[in-house]
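Just follow the structure's listing: the first ligand is 1, and inside any ligand the first atom is 1.
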Amino acid sequence: MVKLEEYIPIVGQSIIDDLKLLGEKLKGKVIQHVNSTAVGGGVAEILTRMVPVLKELGIETKWDVIKGGQQFFEVTKKFHNALHGRKEEITQNDFEVFLETSQKNIDELDTSADIVFVHDPQPIALINKRRDNKWIWRCHIDVSNPNQKVWDFLMDYIVKYDSAVFSAPSFSRQLGIRQFLISPSIDPLSDKNKSLSMEEVDAVLKKYAIKKDKPIITQISRFDRLKDPLGVISAYQQAKKYIDCQLILAGGTAVDDPEGAEVLHEVKARAKEDSDIHILLLPQNDIEVNALQRASDVIMQKSIREGFGLTVAEALWKGKPVVASNVGGIPLQIKHKYSGLLCHSVEGASFALKQLLSNPGYAKKLGENGREHIRNNFLITRHIKEYMLLFLSLYYKEDVVYL
Ligand code: UDP
């Protein structure tokens with residue numbers, strides 16, 4: 001149960017007052033979020049926290065997850081990679097698989113809410129069920145350089161929405177519908193981000209047999225090639241030649257990501273016999289993720305492509321120095337040499353690791369700046385306020401109000 005008042009010491013009274021005011025204006029409207037997985041990945045992470053807060057604000061909010069089999073999610077993962085600019089062979093059969101599952105969801109899902117908020121490409125075709133309600137397409141991925149074939153396919157659906165939302169300015173595209181820039185957020189009160197005692201942190205390290213005798217570098221991510229876990233290992237190995245340290249690569253799985261097992265296998269093979277590399281397959285356990293982030297000396301996010309990168313915000317909120325790639329939404333969170341270090345290569349990442357591990361004062365300062373940057377820009381309260389303004393804007397046209 002989320003209590004709005006608990007956010008006041010973190011963000012201030014006036015922000016909570018704004019939320020309540022906007023909540024009043026939206027009373028009576030039903031909002032329905034739709035995505036493709038209830039657990040795993042950033043979208044599920046955000047919705048898990050956002051839906052209860054919207055309810056607490058008095059807005060009737062539902063969250064539905066589309067259904068799909070392995071074949072469907074293999075296709076949507078291909079779309080995901082292709083939209084991120086990775087080379088993928090997309091066949092006519094892929095589109096057919098996508099359309100067949102989409103049709104089943106169209107037939108089965110009730111989308112009669114006042115505002116239907118569709119996340120990412122997987123459920124995008126639901127728009128074909130549109131009646132006289134409002135529809136938003138929320139794109140969480142970096143589509144600045146997409147595979148044209150997949151993008152053209154999606155465009156036929158996107159143009160039927162009222163509005164689109166992107167996470168970063170560089171992701172926006174010519175669409176012919178209204179678009180909004182709204183960055184994701186983290187919830188400082190969630191199990192993932194709330195403060196933990198030293199004992200709680202130590203208990204998790206003990207559970208995974210990780211000693212505190214060497215500095216800990218950690219990357220928490222689904223086992224996905226775009227998160228570059230092999231690059232993380234290489235950067236760690238290079239840094240370790242100079243400073244003895246250990247590496248945690250922790251990740252879970254998501255229903256809509258079928259590549260995980262294969263990537264995990266590659267990671268294990270690369271880590272070989274190095275007992276200072278801890279590969280953890282986490283069950284969905286937010287306290288454990290929180291504890292591992294807090295136990296770390298440096299957090300990495302060496303993604304090749306990234307939507308926003310919630311893991312970066314999570315680490316910065318915990319005051320941790322972060323080394324992350326200069327891709328997607330990461331540079332919104334990290335101002336190089338101010339709230340973390342950005343890198344462009346394995347060598348750059350290992351150089352940054354060495355810098356931080358050998359200079360704890362500098363590392364601490366970056367972490368502190370990072371925490372304030374997240375407080376001011378990437379907490380759930382700002383995110384919800386922007387979503388509520390977006391919802392209200394759907395009922396305004398020129399100077400006329402349709403509430
Ligand atoms: N996460 C988790 N357990 C894992 C791996 C990731 O809880 O084993 C969480 C992570 O803490 C973050 C989210 O999943 O909250 C991933 O979001 P992000 O934007 O970093 O990446 P995405 O998976 O959406 O590409």
Would K134 count as a cation-pi partner of F391, with NZ or CZ less than 6.0 Å from the six-membered ring centre and within 45° of the ring normal? no
Side chain or backbone, does [X] bring an N or O within less than 3.5 Å of an N or O on ligand 1?
X: L282; value: no
X: S221; value: no
X: I220; value: no

Need the ligand 1 atom indices (1-based, order shown) with element for anything under 4.0 Å from a heavy-atom of G309. 19 (O), 20 (O)
Only heavy atoms of E314, strictly under 4.0 Å: list the atoms of ligand 1 that pass. 10 (C), 11 (O), 12 (C), 15 (O)
Just heavy atoms, cut-off under 4.0 Å: does K192 contact ligand 1 by side chain, backbone, both, or neither?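 It is the side chain that gets close, since no backbone atom is under 4.0 Å.
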What part of V289, side chain from CB on, backbone N/CA/C/O, both or neither, has a heavy atom under 4.0 Å from ligand 1?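 V289 to ligand 1: side-chain contact only, backbone stays beyond 4.0 Å.
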Near [X] [atom1], under 6.0 Å, is it more than 12 heavy atoms from other residues, nucleotides or ligands?
X: Y242; atom1: OH; answer: no
X: E386; atom1: CD; answer: yes
X: K62; atom1: NZ; answer: yes

Could you list the residues that satisfy ring-ring contact (aromatic ring centres under 6.0 Å, His included) with F72, not counting sequence neighbours?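 Applying ring-ring contact (aromatic ring centres under 6.0 Å, His included) to F72 gives F98.
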Between the candidates S190, G42, S303, which shows the shortest non-hydrogen contact distance to atom 24 (O) of ligand 1? G42
Backbone of H84 reached by a side-chain donor or acceptor of D142 within 3.5 Å: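 No.
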Sequence neighbours left out, cut at 3.5 Å: what donor-acceptor pairs do the side chains of residues 324-333 make with other protein atoms?
unit_1 : atom_1 : unit_2 : atom_2 : d
S325   : OG     : S303   : N      : 3.3
S325   : OG     : S303   : O      : 2.8
N326   : ND2    : H344   : NE2    : 3.3
Q333   : OE1    : A313   : N      : 2.9
Q333   : NE2    : F308   : O      : 2.9
Q333   : NE2    : G309   : O      : 3.1

Within less than 4.0 angstrom of ligand 1, does K227 place any heavy atom?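 Distance cut 4.0 Å: K227 passes for ligand 1.
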